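Input: a single structure, listed below in structure tokens.
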Amino acid sequence: MTSRVRSRTAQAEVFSDFVAARSPSLLRTAYLLVGDRGLAHDLLQEALTRTWAAWGRIKDPQKAEAYARRALTHTAISWYRRRSWNSERPAEVLPDFPSPGHEDRLADGVVAKEHLWRALQELPPRQRVAVVCRFYDDLSEAETARVMGCAVGTVKSQVHAGLSKLRDALPDLDASLPTPSRLQEMLR
Amino acid sequence: MTTDLRTTLNLHASDAGAPELDLGAILTEGTRRDRRRRGLVVAGAGLAALATAASLAIVPNLFPNEDQAQPATSTLSSGEFMHASGDTIWFDGAPVSVPGPVASLAQTDQVAVYTTPDSQVRAVSAEGDVTNLGRADTDAGWVRSSASHAAWIAPTAQGDDLTVTAVDTSATKLAPVTLPTALVGESPEVLALDGSTVVLRDERGVLTWDAAAPGQEPHLLADAAEDLQVVDANAGLLLAAGNGGTGPATFRPLSGTGTAERTVEQGFQTGRLNADNSLVLVEGPDDEMGVRDLTDGRWLDTVSLGRSFTIGYRWIDANTFLAASTPTEEPGESAWQVRRCTVPAQGTDLDCTDVTPEENGPELILPF
């Protein structure tokens with residue numbers, strides 16, 4: 001066995017450990033990006049494939065996580081852009097079967113959040129990515145910019161536009177949703 | 001209330017379930033893509049490894065050295081189109097028969113440098129003159145070329161040599177020079193070639209070596225700890241990706257002296273610089289292919305050309321490049337498609353014309 005082959009085998013072991021450790025978290029992000037469990041798995045599979053393809057150049061596991069998240073977001077955006085979202089994959093007509101306790105959560109008064117979730121699914125992909133990165137992954141604007149491959153100013157505008165759309169889509173919830181600028185202020 | 005959005009996201013994130021991944025498929029497909037990215041050409045769906053590699057780094061040389069002073073004497077100029085299939089190489093449409101099937105192809109201004117399936121390296125001119133140049137360690141990379149030179153890692157009994165040859169006259173007058181094994185570290189790979197200067201990576205880090213001054217030892221540009229990600233080298237500058245391709249890229253002097261001259265906002269991992277380093281054909285960390293204007297950040301997306309995997313592979317003047325769409329299993333994408341695209345002065349729409357050669361098919365080999 002050559003040293004090159006040994007090196008590739010060792011890399012595969014490290015990559016496998018990375019997948020085992022980080023795929024649950026990455027899957028949750030993927031699910032928020034696409035709103036469908038099957039698509040989320042497809043998205044994660046694709047993102048990890050891209051990550052492994054670049055593994056020889058990544059090396060640092062911390063960079064691998066950033067790389068995988070970038071692959072997730074760009075693949076999601078790309079799927080929308082190429083319209084394969086609807087043409088190659090079944091559209092999400094019905095919501096996923098809720099997890100145990102879902103009805104209880106509704107009963108506890110989280111209907112507003114369910115509406116918010118559905119409105120989130122209607123956001124344009126880049127706005128949705130920006131919102132998920134900022135408010136679920138807790139990435140800074142600079143970190144979100146790196147993940148999205150865009151300028152910080154673009155992140156600001158995408159988040160602002162996304163939050164504005166959420167407010168417009170949920171007029172009844174106006175009182176419970178802060179203005180975009182206020183929300184961003186409060187979340188800093 | 002500030003938690004409404006966060007709560008909603010966290011609430012639904014928990015509905016994602018547990019990952020059900022096919023790790024074997026990830027490793028297999030990822031490896032295949034990595035090889036394709038490195039220039040391996042898979043000859044037909046389902047064929048196992050009739051693959052070889054050729055350099056993507058073919059950049060018109062504006063580096064002010066002696067290479068530039070050499071007038072072109074061949075019928076081939078840097079603006080022309082080269083491809084190969086079987087044992088024929090086409091120089092701008094004119095076929096030239098060569099000994100042995102072509103496995104990979106590199107293009108200079110004067111000659112074609114190609115490898116055979118058994119890793120022989122040969123050069124051939126448009127007139128059909130062939131020179132044997134030795135062997136390449138194709139596991140360690142492939143033949144890379146500039147307008148005036150070709151370089152490759154050559155296996156020896158003691159280890160790997162770096163071999164560089166000037167190709168500024170004709171294929172019959174080639175005189176390869178070698179950086180011997182003792183001066184080459186483990187796992188060497190030619191990353192880029194700017195004129196006669198090779199950018200090399202081995203276990204020590206990223207090094208440069210000027211084949212025009214073969215008595216000099218390689219210069220360590222960045223040690224391994226820096227993990228410098230080289231995008232390309234051109235006109236005396238090296239473009240390095242930031243943070244594994246996710247951060248800003250930086251131009252630095254190829255000579256190793258002086259500080260970074262310019263930082264560009266958008267990150268990428270690999271690319272091909274145009275003659276004046278204002279544009280780069282980019283392969284981004286997420287497989288995105290396109291042109292990045294390094295002066296203003298403008299992005300021109302080759303995805304819009306309609307194929308799922310399109311890569312710009314050669315600048316033929318400051319604003320015009322060749323792009324190849326690889327065959328895929330998608331409907332209507334079973335053959336290569338080659339286009340000549342011009343970057344507009346403004347806007348983001350590439351102006352492209354189809355220049356796909358008649359000798360098309362999965363066995364088509366392009367100089368990348």
Side-chain angles (χ1 to χ4, degrees), chain A residues 2-4 7 12 15-16 19 23-24 27-32 37 40-41 44-45 48-60 63 66-67 70-71 74-75 78 81-82 96 98-99 102 105 110 112-113 116-117 120 131-132 135-136 146-147 149 151 166 176-178 183 186-187, chain B residues 1-23 25-38 139-140 186-187 227 229 241-248 265-270 284-288 297 299 301 303-304 306 308 330:
Chain A
T2 67
S3 60
R4 183 173 296 278
S7 172
F15 176 75
S16 298
V19 171
S23 58
L27 179 64
R28 288 193 287 274
T29 297
Y31 179 71
L32 295 177
R37 273 183 229 145
H41 278 94
L44 181 56
Q45 179 93 9
L48 290 173
T49 298
R50 293 181 178 198
T51 304
W52 171 241
W55 193 256
R57 291 167 287 169
I58 296 173
K59 298 174 182 175
D60 183 345
K63 290 180 181 176
Y67 189 98
R70 184 175 164 88
H74 279 251
T75 303
S78 176
R81 185 173 54 181
R82 296 179 190 182
D96 281 325
S99 61
H102 200 77
R105 295 199 299 266
V110 292
K113 295 183 182 63
L116 187 57
W117 166 249
L120 186 71
V131 167
V132 169
F135 303 130
Y136 175 71
R146 282 195 288 274
V147 165
L166 291 178
S176 64
L177 273 177
L183 182 54
M186 298 171 84
L187 290 172
Chain B
M1 173 47 236
T2 60
T3 58
D4 254 6
L5 187 54
R6 289 181 189 275
T7 301
T8 298
L9 293 169
N10 279 290
L11 188 71
H12 285 277
S14 65
D15 289 338
E20 297 172 5
L21 298 166
D22 185 343
L23 185 59
I26 290 172
L27 293 171
T28 300
E29 175 63 13
T31 299
R32 187 184 69 80
R33 291 186 195 180
D34 184 39
R35 286 176 176 166
R36 183 169 62 175
R37 174 182 285 112
R38 289 167 181 270
D139 286 338
E186 293 184 7
S187 303
D227 192 23
Q229 302 291 306
N243 193 28
T246 60
E265 177 69 20
Q266 300 292 343
F268 33 75
Q269 287 180 313
T270 62
D286 61 342
D287 276 353
E288 61 191 356
W299 168 256
D301 192 350
V303 171
S304 63
S308 57
E330 297 292 324

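What you see is a predicted model, and the numbers here were worked out from it, not measured in a lab. Note on naming: letters A, B, ... go to the chains in the order of the sequence lines (proteins, then strands), and numbering restarts at 1 for each one.
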For this session: May I ask you to decide if A/Y31's main-chain N or O and B/H12's side chain share a donor-acceptor pair within less than 3.5 Å?
Result: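 Judged by distance alone, no pair lies under 3.5 Å.
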
Exercise. Would you say B/E20's side chain and A/H41's backbone share a donor-acceptor pair under 3.5 angstrom?
Worked result: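 Checking the backbone N and O of A/H41 against the side chain of B/E20, no donor-acceptor pair under 3.5 Å is found.
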
Problem set entry | Partners passing ring pair (Phe, Tyr, Trp, His ring centres under 6.0 Å) against A/F15 (at least two apart in sequence or in another chain) |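 Checked A/F15 against ring pair (Phe, Tyr, Trp, His ring centres under 6.0 Å); matches are A/W52, A/W55.
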
For this session: Just jot down the side-chain hydrogen bond (donor to acceptor under 3.5 Å, both in side chains) partners of A/T29, sequence neighbours excluded, or say none.
Result: A/R69, A/D137

Exercise. For A/L27, is it the side chain, the backbone, both or neither that has a heavy atom under 4.5 Å from a heavy atom of chain B?
Worked result: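 Both backbone and side chain.
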
Exercise. How many angstroms lie between CG in B/L5 and CH2 in A/W117, if you round to the nearest 0.5 Å?
Worked result: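 CH2 of A/W117 is found 11.0 Å from CG of B/L5.
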
Exercise. Roughly how far apart are B/L9 CG and A/L116 CG, rounded to 0.5 Å?
Worked result: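 So the gap between those two atoms works out to 7.5 Å.
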
Which heavy-atom pair separates [X] from [Y] by the least distance, and what is that distance?
| X | Y | answer |
| --- | --- | --- |
| A/S16 | B/L23 | OG-CD2, 3.4 Å |
| B/A13 | A/R28 | O-CG, 3.4 Å |
| A/F135 | B/R6 | O-CG, 3.4 Å |

Exercise. Checking side-chain contact (heavy atoms from CB on, under 4.5 Å) against A/T49, which of B/L21, B/T28, B/L27, B/I26 comes through?
Worked result: B/I26

